[in-house]
A.B. asks: 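Just passing along the structure, written as structure tokens.
Start at 1 with the first residue, then count along the sequence. All of these numbers come straight from a predicted model, not from anything done at the bench.
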Amino acid sequence: MSVRKPLPHNAARLHVTGAARYVDDIPTPADCLHLAFGTAEIAFGTINSVNLDAVRAAEGVIGVWEAEDLPSECDCSPSVHDEPLLARDRVMYLGQPVFLVAATSHLAARKAAQLGQITYSEEPAILTIDDAMAAQSQFDGSPRIWQSGDAASAIAEAPHQISGEIEMGGQEHFYLEGQAALVFPQENGDMLVHSSTQHPSEIQHKVAHALHLPMHGVRVETRRMGGGFGGKESQGNALAIACAVVAAETGRAAKMRYDRDDDFTITGKRHDFRIGYTVGYDDQGRVLGLDFLQLARCGWAQDLSFPVADRAMLHADNAYFLPNMRIESHRLKTNTQSATAFRGFGGPQGMLGIERVMDHIAHVLGRDPLAVRRANFYVEGGPSTPHSAEPSPPEDMSGKKKPRGVTHYGQPVEDFELGAMVSRLEESADYATRRAAVDDWNANNPVLKRGIAMTPVKFGISFTLTHLNQAGALVHVYQDGSIQLNHGGTEMGQGLFQKVAQVAATVFGQPMDSIRITATDTGKVPNTSATAASSGSDLNGMAVKIACETIRDRMADFLGTEVAFEDGVVFVDGKDVSFAEAAKRCYEGRVSLSSTGFYKTPKLEWDPVAGRGRPFFYFAYGVSCTEVVIDTLTGENRILRSDILHDAGSSLNPALDVGQVEGGYVQGAGWLTTEELVWDDKGRLRTHAPSTYKIPACSDRPDVFNVDLWASENREDTIYRSKAVGEPPFMHGISVLMALSDAVSACGDRYPDLHAPATAERVLKAVQQVRDGL
């Protein structure tokens with residue numbers, strides 16, 4: 001069986017040798033055109049005049065397009081059609097594309113794009129959360145309010161109440177390969193699009209719409225991406241549309257890639273949030289009532305902000321049973337880049353809010369934060385099997401006992417694993433001893449302070465837009481026994497292709513070198529969903545398994561009475577033959593050796609406006625323990641040690657999954673510590689390059705880094721009982737911020753007002769506030 005083996009990434013050798021082909025590596029014709037956008041230099045206002053004479057006269061320029069020159073509105077939006085390719089009359093953010101240049105080289109296009117002369121009537125821009133709230137600048141349908149129980153009464157009647165607020169910044173995706181697209185015009189006006197995208201079918205749809213073509217007139221191919229993290233779910237639309245428009249008008253291939261500065265300036269980021277809370281709790285720290293105010297800065301266009309903000313509301317409970325909760329979510333419209341999908345898709349923001357609440361309660365009560373977290377956990381095993389060690393369920397304000405296994409949106413938590421997982425990590429990480437050692441260190445060291453925190457993760461797996469939970473596959477067995485497969489998922493370095501190939505090898509009982517996965521292609525598998533929401537292996541693995549089983553069963557029916565596929569051969573009525581010989585016999589017997597496969601996730605039902613239903617097929621769990629040290633004179637800090645136990649179900653590939661956990665943790669730590677996005681008062685993004693925006697380096701990872709997988713099969717019928725492992729590990733980074741807060745709290749009695757990203761400056765400010773009792 002090939003699944004569950006820690007096999008290396010199928011393209012690892014290509015990656016490290018530089019032989020892996022990305023969009024920018026695809027050979028192009030000699031007359032290929034290269035594109036660049038001319039962008040707005042103000043955040044908000046009216047375009048008075050556009051003079052592009054110097055652009056047209058620039059060396060190498062072949063053509064220039066303004067909004068009125070386009071064949072259609074050329075909508076780039078993944079949602080409500082509010083993102084035109086080029087601004088026509090109004091500018092909505094600094095960096096918005098206003099005109100398009102096609103030239104004979106990438107450099108010539110970029111140089112020419114700088115020569116445009118545009119005059120504006122500038123207007124006051126709405127840039128911040130405070131600006132947007134004051135101006136009531138929100139998208140239609142905002143605010144959205146969900147309620148479970150009676151939070152106000154529960155808070156008022158609770159023995160203790162506290163209020164607080166936490167801010168968390170956005171995050172740049174910083175994929176190694178920037179946004180890129182290449183379009184080859186075909187006969188009859190058709191288009192072949194190569195795009196670095198997580199969503200080939202959306203690229204197909206947007207290009208077809210822009211050129212007034214049926215979707216069968218556009219074929220999109222994606223071999224691989226050099227990273228995505230959600231940043232290539234919708235942000236690649238503009239490049240593909242622009243290339244297709246130029247290719248259609250000129251009859252020449254057209255290529256576009258953003259330089260890093262352009263990528264930062266034009267594309268969307270993670271949504272930054274401000275979360276306010278008021279909570280009522282008892283002497284053990286159990287939450288009796290909770291009121292959240294979630295404010296999300298969404299940028300100038302809606303993009304995917306509504307499902308992102310919804311998922312923040314869905315994960316406002318994280319691992320905790322909250323019987324009386326109200327969540328009010330505002331989706332704020334600002335004159336900044338349109339915030340977009342990012343690993344976790346709102347889940348990290350929602351989780352960070354409740355983790356701050358747990359930490360704050362523990363500080364006020366003088367209890368270990370882990371004890372408070374445990375006191376609020378969902379019951380192990382779900383609502384039908386109450387755990388004898390659990391406290392009695394809190395009541396909602398109707399006087400009814402609520403089972404400790406139902407979320408605030410009504411989904412039963414039937415597979416809760418965290419009680420046992422926390423106990424395991426507590427022992428393996430030696431938490432109690434280290435907790436005491438940290439306290440002892442802090443009592444004896446006035447300058448360097450240490451902190452330690454253990455935080456859980458409960459992350460829902462499925463698209464919350466229910467119809468996206470589907471996938472297709474196409475599998476061929478050739479008469480020489482080689483196997484080719486194609487599916488709707490995209491490879492961005494996460495190892496999806498490797499995992500799916502292992503699935504196919506397992507079904508046919510064949511070695512991995514007999515399997516070949518071809519580039520994701522809308523001409524082979526239509527109507528694909530984005531590779532997002534941690535669903536790549538779940539959906540596409542199942543679709544491939546179904547297709548492979550169909551072919552295998554056809555072969556078995558033809559070959560004999562008792563047939564088994566295993567160990568690289570086929571056993572037919574007590575005799576073994578090679579798989580190649582079996583395939584040849586089937587071919588000569590006119591047995592179809594090709595099949596499609598289709599899978600749709602079961603059990604899903606969701607109403608996002610009411611906030612009720614079952615949006616997730618299952619939950620993935622994890623727990624992390626992080627120890628840090630801070631310098632109270634400078635705010636500088638380091639991660640000393642991290643221990644992580646993560647639930648990947650029955651892992652399809654433990655090596656890849658451990659890598660995902662390690663990478664997710666480091667990226668999550670970067671979001672909450674060093675990755676700071678700064679806009680000036682004109683709406684100009686000042687942190688627009690590696691020189692000013694700091695992602696974690698290799699030296700920022702903890703010196704002691706222990707990662708283990710929780711050995712437990714998924715209770716739901718997923719692909720070989722595995723669990724998704726793309727997004728959930730990102731939330732392990734929350735333990736870093738909580739550990740930093742713990743270290744700051746050692747400087748005085750006041751609860752630290754530490755916001756994210758917890759840069760050295762913010763850590764130092766929090767230290768000073770705690771010491772001064774402010």
A.B. asks: Taking atom CZ of R516 as the centre, does the number of heavy atoms from other residues, nucleotides or ligands within less than 6.0 Å exceed 12?
C.D. replies: no
A.B. asks: Tell me whether the rings of Y409 and F616 are parallel (<30°), tilted (30 to 60°) or perpendicular (>60°).
C.D. replies: perpendicular
A.B. asks: Between V570 and R585, does a side chain to side chain contact (heavy atoms under 4.5 Å, CB included) hold up when you go through it step by step?
C.D. replies: CA-CA 12 Å; V570 183; R585 289 185 192 177; over 6 Å; no
A.B. asks: Inspect the contact between D717 and K603 and indicate whether a charged nitrogen and a carboxylate oxygen are less than 4.0 angstrom apart.
C.D. replies: no
A.B. asks: Kindly compute the distance separating SG (C243) from CE (M191), expressed to the nearest 0.5 Å.
C.D. replies: 10.5 Å
A.B. asks: Give a yes-or-no answer on whether the side chains of R311 and T464 include a donor-acceptor pair shorter than 3.5 Å.
C.D. replies: no
A.B. asks: Are more than 12 heavy atoms, taken from residues, nucleotides or ligands other than E588, located less than 6.0 Å from that residue's CD atom?
C.D. replies: yes
A.B. asks: Side chain to side chain contact (heavy atoms under 4.5 Å, CB included), that's the test. Do S595 and R554 meet it? Break it down for me.
C.D. replies: CA-CA 10 Å; S595 178; R554 287 179 193 153; 4.1 Å; yes
A.B. asks: Hey, are the side chains of Y599 and K545 touching, using non-hydrogen atoms and a 4.5 Å cut-off?
C.D. replies: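 Of all side-chain heavy-atom pairs linking K545 with Y599, none is under 4.5 Å.
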A.B. asks: With a cut-off of 6.0 Å (strictly less than), are more than 12 heavy atoms of other residues, nucleotides or ligands near CD of E566?
C.D. replies: yes
A.B. asks: Would you call K723-D647 a salt bridge at under 4.0 Å N-O?
C.D. replies: yes
A.B. asks: How close do C32 and L182 get, counting heavy atoms only, and between which atoms?
C.D. replies: SG-CD1, 4.2 Å
A.B. asks: Can N653 and Q498 be counted as having a side-chain donor-acceptor contact under 3.5 angstrom?
C.D. replies: no
A.B. asks: Looking at every non-hydrogen atom in both residues, tell me the closest pair between A583 and V477 and how far apart they are.
C.D. replies: CB-CG1, 4.0 Å
A.B. asks: Look at atom CZ of R4 and say whether more than 12 heavy atoms of other residues, nucleotides or ligands are closer to it than 6.0 Å.
C.D. replies: yes
A.B. asks: On the ring face of Y175, is K232 found with NZ or CZ under 6.0 Å from the centre and within 45° of the axis?
C.D. replies: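 Verdict for Y175: a cation-pi partner in K232.
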A.B. asks: Assert yes or no for the condition that the ring centre distance of Y621 to F416 is strictly below 6.0 Å.
C.D. replies: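 Judged by ring-centre distance (under 6.0 Å), Y621 and F416 do meet the cut-off.
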A.B. asks: Identify which one of K206, E202, H205 satisfies the side-chain hydrogen bond (donor to acceptor under 3.5 Å, both in side chains) criterion when paired with N237.
C.D. replies: E202
A.B. asks: Are D415 and R715 within salt-bridge range, i.e. N to O under 4.0 Å?
C.D. replies: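 Salt bridge between D415 and R715, a charged N being under 4.0 Å from a carboxylate O: no.
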A.B. asks: Sort out for me which residue in T518, D521, N540 forms a side-chain hydrogen bond (donor to acceptor under 3.5 Å, both in side chains) with N486.
C.D. replies: T518
A.B. asks: Using a 6.0 Å cut-off, check whether atom CZ of F174 has over 12 heavy atoms from anything other than its own residue.
C.D. replies: yes
A.B. asks: Can you name the nearest heavy-atom pair linking F617 to S462, along with the distance?
C.D. replies: N-OG, 3.1 Å
A.B. asks: Does NE2 in H209 sit with more than 12 non-hydrogen atoms of other residues, nucleotides or ligands closer than 6.0 Å?
C.D. replies: no
A.B. asks: Given R614 and E716, is the salt bridge (Lys or Arg N to Asp or Glu O under 4.0 Å) satisfied, shown in steps?
C.D. replies: CA-CA 14 Å; R614 178 174 179 154; E716 296 293 350; 3.3 Å; yes
A.B. asks: Contact between Y22 and L176 at the side-chain level, heavy atoms closer than 4.5 Å - yes or no?
C.D. replies: no
A.B. asks: Determine the minimum heavy-atom distance between Q411 and P615, stating which atoms define it.
C.D. replies: OE1-CD, 3.2 Å
A.B. asks: Do you know which two heavy atoms are closest between A505 and S2, and how far apart they sit?
C.D. replies: CB-OG, 3.4 Å
A.B. asks: On the 0 to 90° scale, with breaks at 30° and 60°, tag the H9-H15 ring pair as parallel, tilted or perpendicular.
C.D. replies: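 Judged by the thresholds at 30° and 60°, the geometry between H9 and H15 is tilted.
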A.B. asks: If you compare all heavy atoms of H487 against all heavy atoms of V544, which two are closest, and at what distance to 0.1 Å?
C.D. replies: CB-CG2, 4.0 Å
